[in-house]
Amino acid sequence: METFPVRIGDIVVTQNPNKLEALGVGSCIILVIYDEITKIAGMAHILLPETIKSDNGPPGKYADSAVIELIRQVVIKGGNRNRLKSKMVGGARMFELSSQTEGILDVGKRNAIAVKLWLEKNGIPLVAEDISGSQGRSITYDSSTNQIEIRYALHTYNRYL
Amino acid sequence: MSYDFEEFEKHGYSELEVEALQEISNIGVGHSATALSQLLHRRVDMSVPLVELVKNENLAEKLVGASDSIVSSVLVQTADTNDKEKTLNFLIVFNEKSTRNIINILRNSNSPDDLRDLDEIALSIVKETGNILLLHTITAINTFTGSTWFPNVPELKIDMIGSITEEIISTNSIKNGMFLLVECDVFSDEENLKGVILIIPNDSGMKVILEKIYGEDLESYGE
């Protein structure tokens, strides 16, 4: 069993029992989409709610492209489209006064809302989430148990989804 | 040269813009090192500031190494007095050891090993130290460029460096998903006191800096 890092903008899919890991997550959303039966699963590390064309970033970076692309890759590796489910973690607000150019909501919240919207549009049920708050999280997903372990910097306890 | 101009050129920066940033960081961080030295009553040195273009995604690792390293950071946001849309943000980052050392020196005692156990006074010490260093940087920049960046209240965040930088890069990335990092180590020989200052302009903030140095007619200097 190996552990694969999933950095900002990455989409990583595994067919075999492995761990997918995102460390030091703040306002980003970590989205896991999985097929319970075959245990084929993938993780996306999403930074922004909407694609910025001039950015030239990978599809995994933006909610509007990441969700669809993650579904596509899980299905290509053998996941059953009708059985897919999801879990999400992140979307924290680290600083109170961050300059937010789009009105009242902070980027963490906007990411969460965008991801949920795209999951709904694609008919993928969200079965668990650990979002918002003001703390950083490190996230490890084990595809063999379908469990997510969430570690916080300043707590001694972990959380499991 | 402390910057890689080819990398900048590839992403649409002119040599003029990069040199301006280099000058500003030299001055800003120099003032900061002096302030720290006065605060702590010991000699403080600084490395030559490095002006770099960093891919957003690599920022945390660039600063500290592992994106889940726990650091203390102080964020001071500033806005141009004449146009609040133009912003320039400053982030100073101390690693775990430096954080504890700052507290120990200023409180003249031993702080707990774990940053989780810091009391209100210790937190205050870190916030104020970071704030003082950043205010000196801001003042130096205002003096040098004749600009009027006005600081907001400082915010302290102790958490993993990756988590801290994610929000900043999502709200401040400029020019093709590359992040402008002005990185400088401010350090003291006697103790492990290493601080890294990140100067984060947004696009219009950058224009203000350049206009102040080169005059309104930036077009005539164009390359």
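To find a chain, count down the sequence lines: A is the first, B the second, and so on, and within it residues start at 1. These numbers come from a predicted model, not from an experiment.
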Looking at B:Glu155 and B:Lys157, is any side-chain nitrogen of the basic one under 4.0 Å from a carboxylate oxygen of the acidic one? no

Quick one: of B:Ile158, B:Thr165, B:Asp159, who has the most non-hydrogen atom pairs under 4.5 Å with chain A? B:Asp159

Hey, could you give me each pair passing side-chain hydrogen bond (donor to acceptor under 3.5 Å, both in side chains) that has a residue in residues 69-88 of chain A? Not counting sequence neighbours. A:Asp35-A:Arg83, A:Glu36-A:Lys85, A:Glu69-A:Arg72, A:Glu69-A:Gln73

Flag if over 12 foreign heavy atoms under 6.0 Å of CD, A:Gln147: yes

Got a donor-acceptor contact below 3.5 angstrom from the B:Thr99 side chain to the B:Asn95 backbone? yes

Heavy-atom pairs under 4.5 Å with chain B are the metric here; pick the option from A:Gly57, A:Ala22, A:Ser138, A:Cys28 that has the most. A:Cys28

Which answer fits B:Ile161, side chain, backbone, both or neither, if we ask what part of it has an atom under 4.5 Å from a heavy atom of chain A? neither

Max heavy-atom pair count under 4.5 Å with chain B, selected residue of A:Ser134, A:Gly90, A:Ala153, A:Gly108: A:Ala153

List in chain and number order the residues that pass ring pair (Phe, Tyr, Trp, His ring centres under 6.0 Å) with A:Tyr157, two or more places apart in sequence or in another chain; answer none if no residue qualifies. A:His155

Tell me, for B:Leu91 versus chain A, whether the close heavy atoms (under 4.5 Å) come from the side chain, the backbone, both or neither. side chain

